[in-house]
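Report on the following structure.
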Amino acid sequence: MKTALTIAGSDSGGGAGIQADLKSFAANGVYGMSVITAVTAQNTQEVRSVQDIDNEIILDQIEVVFDDIPVDAVKIGMLSSPATVETVADALKKYEPKHIVLDPVMVSKGGHHLLRQEAIQSLKEKMIPLATIITPNIPEAEVLIGGEIVSSEDMLSACRQLRELGAKTVLLKGGHLEGAPNDLLYDGESFHWFSGERIQTKNTHGTGCTLSSAIAANLAKGHTLYDSVKLAKHYITIAIEHSLALGHGHGPTNHFYELYRKAGVKNEL
Ligand SMILES: Nc1ncnc2c1ncn2[C@@H]1O[C@H](COP(=O)(O)OP(=O)(O)OP(=O)(O)O)[C@@H](O)[C@H]1O
Ligand SMILES: Cc1ncc(CO)c(N)n1
């Protein structure tokens with residue numbers, strides 16, 4: 001069985017972070033492992049508090065996995081502090097996993113900062129250049145390029161600028177723009193739009209985590225980058241379509257593998 005490792009924050013409410021990643025890995029048919037970078041006390045409405053995990057044990061978690069178990073793909077989510085960014089980047093440089101999917105998580109849906117302001121520069125300099133693919137949403141991409149993105153045209157030029165930061169490929173998610181949630185993939189040569197239809201729901205907690213983990217899972221299984229994004233876009237669409245009205249805020253995506261299979265998606269090699 002292929003494996004994937006998530007390096008991310010814990011969401012006690014189970015909708016985003018490590019919890020969403022492990023569910024998405026399982027639903028997409030890989031064995032999931034985790035390195036926890038921070039613990040968030042979180043539900044569908046708020047992030048009440050955050051505690052960063054000490055760097056020594058972040059490093060131990062990474063080393064103990066890589067020293068023993070094959071890692072076919074890595075997904076990175078919440079990194080919280082500059083020291084965490086550096087610890088994770090240095091460790092990944094040592095182990096050189098084949099695929100690194102970096103979701104540059106910055107702010108929760110409720111507006112809580114999950115990456116400190118002073119960590120943005122380290123993320124750009126140390127982490128992004130290691131990534132096979134980065135998956136920013138529009139506000140994250142705006143921070144990374146230092147400019148506004150309000151149209152499809154802007155998305156095209158933003159992808160070019162984002163790629164200059166050193167990632168092999170960029171998937172710029174369009175979910176935060178008005179209209180259809182179309183995502184744009186750019187590998188330095190060509191652009192591909194992955195178009196979607198907006199599902200009317202407030203239950204979109206963890207959509208970014210779900211998508212990036214599904215990409216990592218499909219890369220781990222040996223799919224091409226293009227196919228992995230295609231399969232993941234399909235998966236997130238189904239997971240939002242069947243999202244759960246749990247809690248009083250933004251409910252979580254639904255990782256029910258049967259739904260995925262019934263939709264007839266063949267993602268076996
Ligand atoms: N209402 C919606 N209907 C259909 N697809 C959506 C909807 N909202 C987002 N998406 C899609 O879901 C995926 C995740 O996008 P989004 O931009 O919401 O991530 P995000 O903001 O990083 O999520 P989060 O930070 O909450 O985990 C993208 O493929 C996007 O196009
Ligand atoms: C722990 C965690 N990671 C990522 C997100 C992204 O929304 C979140 N809300 N919480």
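Note that ligands are numbered from 1 as they come in the structure, with each ligand's atoms numbered from 1 the same way.
Contact annotation: H250 has no heavy atom less than 4.0 Å from any atom of ligand 1. Contact analysis puts C209 in contact with ligand 1, with a non-hydrogen atom separation below 4.0 angstrom. Contact analysis leaves A16 out of contact with ligand 1, as no non-hydrogen atom separation drops below 4.0 angstrom.
Side chain to side chain, Y31 and D72 fail the donor-acceptor criterion of an N or O pair below 3.5 Å. Residues T84 and T37 have side chains that never bring a donor and an acceptor to within less than 3.5 angstrom of each other. Side-chain contact of D21 with S213: a donor-acceptor pair under 3.5 Å is present, judged by distance alone.
Here the protein heavy atom with the shortest distance to atom 8 (N) of ligand 1 is R198 NH1, 4.0 Å. For atom 5 (N) of ligand 1, the closest non-hydrogen atom on the protein side is P181 CG, 3.4 Å. In terms of protein heavy-atom proximity, atom 22 (O) of ligand 1 is closest to K173 NZ, 2.7 Å. Nearest to atom 21 (O) of ligand 1 among the protein's heavy atoms is H176 NE2, 2.6 Å. Nearest non-hydrogen protein atom to atom 29 (O) of ligand 1 is D183 OD2, 2.4 Å. Looking from atom 27 (O) of ligand 1 to the surrounding protein, the closest heavy atom is G208 N, 2.9 Å. With respect to atom 13 (C) of ligand 1, the closest heavy atom belonging to the protein is I236 CG1, 4.0 Å. Nearest to atom 9 (N) of ligand 2 among the protein's heavy atoms is Q42 OE1, 2.8 Å. T207 OG1, 3.8 Å is the protein heavy atom nearest to atom 16 (P) of ligand 1.
When the side chains of ILVMFWY residues are joined at heavy-atom separations under 4.5 Å, either directly or via intervening members, I145 and L102 end up in a single hydrophobic cluster.
Counting atoms of ligand 1 from 1 in the listed order, those under 4.0 Å from a heavy atom of G206 are 26 (O), 27 (O). When each atom of ligand 1 is checked for a heavy atom of I240 under 4.0 Å away, the hits are 5 (N), 6 (C), 7 (C), 10 (N), 12 (O). For ligand 2, the atoms lying closer than 4.0 Å to a non-hydrogen atom of G9 are 1 (C). If you number the atoms of ligand 1 from 1 as listed, the ones under 4.0 Å from a heavy atom of E197 come out as 3 (N), 4 (C). Set against the non-hydrogen atoms of V105, the atoms of ligand 2 under 4.0 Å away are 4 (C). The contact set between ligand 2 and A16, taken as ligand atoms under 4.0 Å from a residue heavy atom, comprises 5 (C), 8 (C), 9 (N), 10 (N). Shown in contact with G17 at under 4.0 Å from a heavy atom are these atoms of ligand 2, numbered in order with element: 1 (C), 2 (C), 3 (N). Each of the atoms 4 (C) of ligand 2 lies under 4.0 Å from some heavy atom of C209.
Aromatic ring centres of H192 and Y226: separated by under 6.0 Å.
Of the N or O atoms in N182, none lie within a sub-3.5 Å distance of an N or O in ligand 1. Ligand 1 has no N or O atom lying under 3.5 Å from any N or O atom of E140, backbone or side chain. Considering both main-chain and side-chain atoms, T201 never comes within under 3.5 Å of ligand 1 through any nitrogen or oxygen pair. Between I199 and ligand 1, a contact under 3.5 Å exists for at least one N or O pair. Annotation: N137 places an N or O atom under 3.5 Å from an N or O atom of ligand 1; distance criterion only.
Applying the 6.0 Å contact sphere to CD1 of I57 captures no more than 12 heavy atoms from other residues, nucleotides or ligands. Counting heavy-atom neighbours within 6.0 Å of R198 CZ, excluding the residue itself, gives a total above 12. In E118, the CD atom is crowded: over 12 heavy atoms of neighbouring residues, nucleotides or ligands sit closer than 6.0 Å.
By the 4.0 Å N-to-carboxylate-O rule, K173 lies close enough to D103 to be salt-bridged with it.
Using a 30° and 60° split on the angle between ring planes, F191 and Y186 fall in the parallel class, below 30°.
Residue contacts with ligand 2, taken as heavy atom pairs separated by less than 4.0 Å, involve L114 solely via side-chain atoms from C-beta onward. At a heavy-atom distance under 4.0 Å, no atom of H205 approaches ligand 1. Of all the heavy atoms of K109, none lies under 4.0 Å from any atom of ligand 2, so neither backbone nor side chain is involved.
A donor-acceptor pair under 3.5 Å links the side-chain atoms of E140 to the main chain of N137, judged by distance alone. The main-chain N or O of T132 is found under 3.5 Å from a side-chain atom of T169 such that the two form a donor-acceptor pair.
Atom OG of S151 is separated from atom CG of L156 by 8.5 Å, given to the nearest 0.5 angstrom. From L211, atom CG reaches atom OG1 of T237 across 8.5 Å, with rounding to the nearest 0.5 Å.
In this structure, H112 and T40 have side chains that are not in contact, with every pair of non-hydrogen atoms separated by 4.5 Å or more.
Residue L171 comes nearest to P136 through the heavy atom pair O-CD, 3.3 Å, listed as atom of the first residue, atom of the second, then distance.
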